[in-house]
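Have a look at the structure below, then the notes.
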Amino acid sequence: MLLTRLKWLRVLFVAGSLLFLSYAPRLFNRSVSLSVVFFCAALFFLLPKQIFVQALVWTSGYTNYVPPILLNILYLVLVRNIFDEQQPSYHAFLPCLGFLIGFISTLFMENLTLYSLAMSFLIIGFVWIRFRKIFVMHVVHFAGVCIGAVMMFTNGAYGNIANATDTYRSTALTKGILTTVRSHSEVILEQFFLNNLTTLAVLSVLCVILTVLHMKNCKDFRRIHASWVAVFINILCLGILYSKDGFSYWVMAVGNSKSSDYTIVTFVLAAFMYSFSILMTVLLCVTEKKSLYQLLLWLVSIPVVIAPLVIVNPIGPRNFFPPYALLVMFCGTLLHYIQKQSHMGEHAKLGISVSMAAVVVSIFLFFVSIYGTIHVYDVKREKYVQKQVEQGCDVITVCKLPYTSYVWYGDPTTEPWGERFKLFYGLEKETKLEFLTYLEFNKWVEEFDSE
Amino acid sequence: MIVSKNNKKSVFTGIVLFSMFALLAYFSVFWR
């Protein structure tokens, strides 16, 4: 509510979140260079359009999906010393903060609540195996997560979801497990793989570089062969995912339901094998234990966050901001490891920084051209709504925003958005709204001003 | 001296990135 009404607050929150996420690998590992920060910022600018629209542009999407993953990453930054050789130690006030972070992070989305639970529990287990000791900080965080999870799942709304009386949310049990798993697997495939090919290509390049670097020092032939097999599978699966349009044409040419099924199964298999090849590359080629644990933490977190989405409704692009953020953390940590292993000099790091800064600026300019135009029409629309209200018009003419696909329900043409639009601008409930395209609206404005 | 220079660079990068994210957020904030 506050974020919807106070624009400056929302701007601060969105910008602060993206800045924190870009810097998170550097906060997680103090020796990470600025080139990695630029790299992560560039990956956030490469966020698939639909995820960007639903998780950052849409206030409700932002409020539900960004804070919980931010809090989880913040907790991991706070307990980053569990990967060090010496026993971790924490400032006296940190457990209180850990409790709050754990508690709050569970109150947003179900899949992230489950992730917080799993991650917090695994950290206690990991620390116990490594140091044979349990720390107050980790236990207190786990307690916060448990209390939050109990509060979350004992909410009456979940009773309605289980009884299938909730009109918005449901589980796989409501629509049939197989039907839900199938349709949701398609959404996961589309949102996290098919719409995300640029970031996946960057990840594949990092994996190839990692494998080549590993070859230099590795004398175990079986390991070398396995690493190359992983690279082959990685590029092969990426290629299959890239050729989605070719497969779509094939489905149309063959024209039966089985061809569509085969294509989906092929893509799901390719996505699964791609993920598996990344895991194999990390396990085979990352020899330094601390980096291996850190990389595995980010990598394993991704399927843990995604898995519950297979059976929970509604599912949409906004659900994929948290796994994308974790993917960026993984890529940033991997780039840092590559820089360390290759003894990359300052000049090479500067080269990466400059290239990534160029990517950031070019995509920024692209977004400004899109959202700047939308913003101009949004301001104009609001101005003329107020003018019409002042003149006591019964029918309010409203401009439809340009670049519709870059805004999530930006035009209140359907309900409940029409009603909410009137509430937001303080219009009478009975007021009728008439919609014009932005080109028609420009002409209408000229006529309106001349009257 | 080196640490201080790196910190300055880091803060400067942070300010530039924050400004870009903020400008983008400012343009992309709508009535809902």
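Below, chain A is the first sequence line, B the second, and so on; all start at residue 1. All of these numbers come straight from a predicted model, not from anything done at the bench.
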- prompt: Do the rings of A:Phe441 and A:Tyr384 sit parallel, tilted or perpendicular, given the 30° and 60° boundaries?
  reply: perpendicular
message: Below 30° counts as parallel, above 60° as perpendicular, anything between as tilted: where do the rings of A:Tyr403 and A:Tyr406 land?
response: perpendicular
With only heavy atoms counted, which part of [X] is less than 4.5 Å from chain B, the side chain, the backbone, both or neither?
{"X": "A:Val376", "answer": "neither"}
{"X": "A:Leu12", "answer": "both"}
{"X": "A:Val360", "answer": "both"}
{"X": "A:Leu18", "answer": "both"}
{"X": "A:Phe13", "answer": "neither"}
{"X": "A:Tyr62", "answer": "neither"}

message: As an exercise: rank A:Ser17, A:Ala15, A:Ser353, A:Ser22 by heavy-atom pairs under 4.5 Å with chain B and give me the winner.
response: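 Winner by heavy-atom pair count: A:Ala15.
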Ion pair A:Asp411/A:Arg381, N-O distance below 4.0 Å: yes
query: Taking C-beta and beyond as the side chain, do A:Phe367 and A:Tyr371 meet within less than 4.5 Å on heavy atoms?
result: yes
More than 12 heavy atoms from other groups under 6.0 Å of NZ on A:Lys387: yes
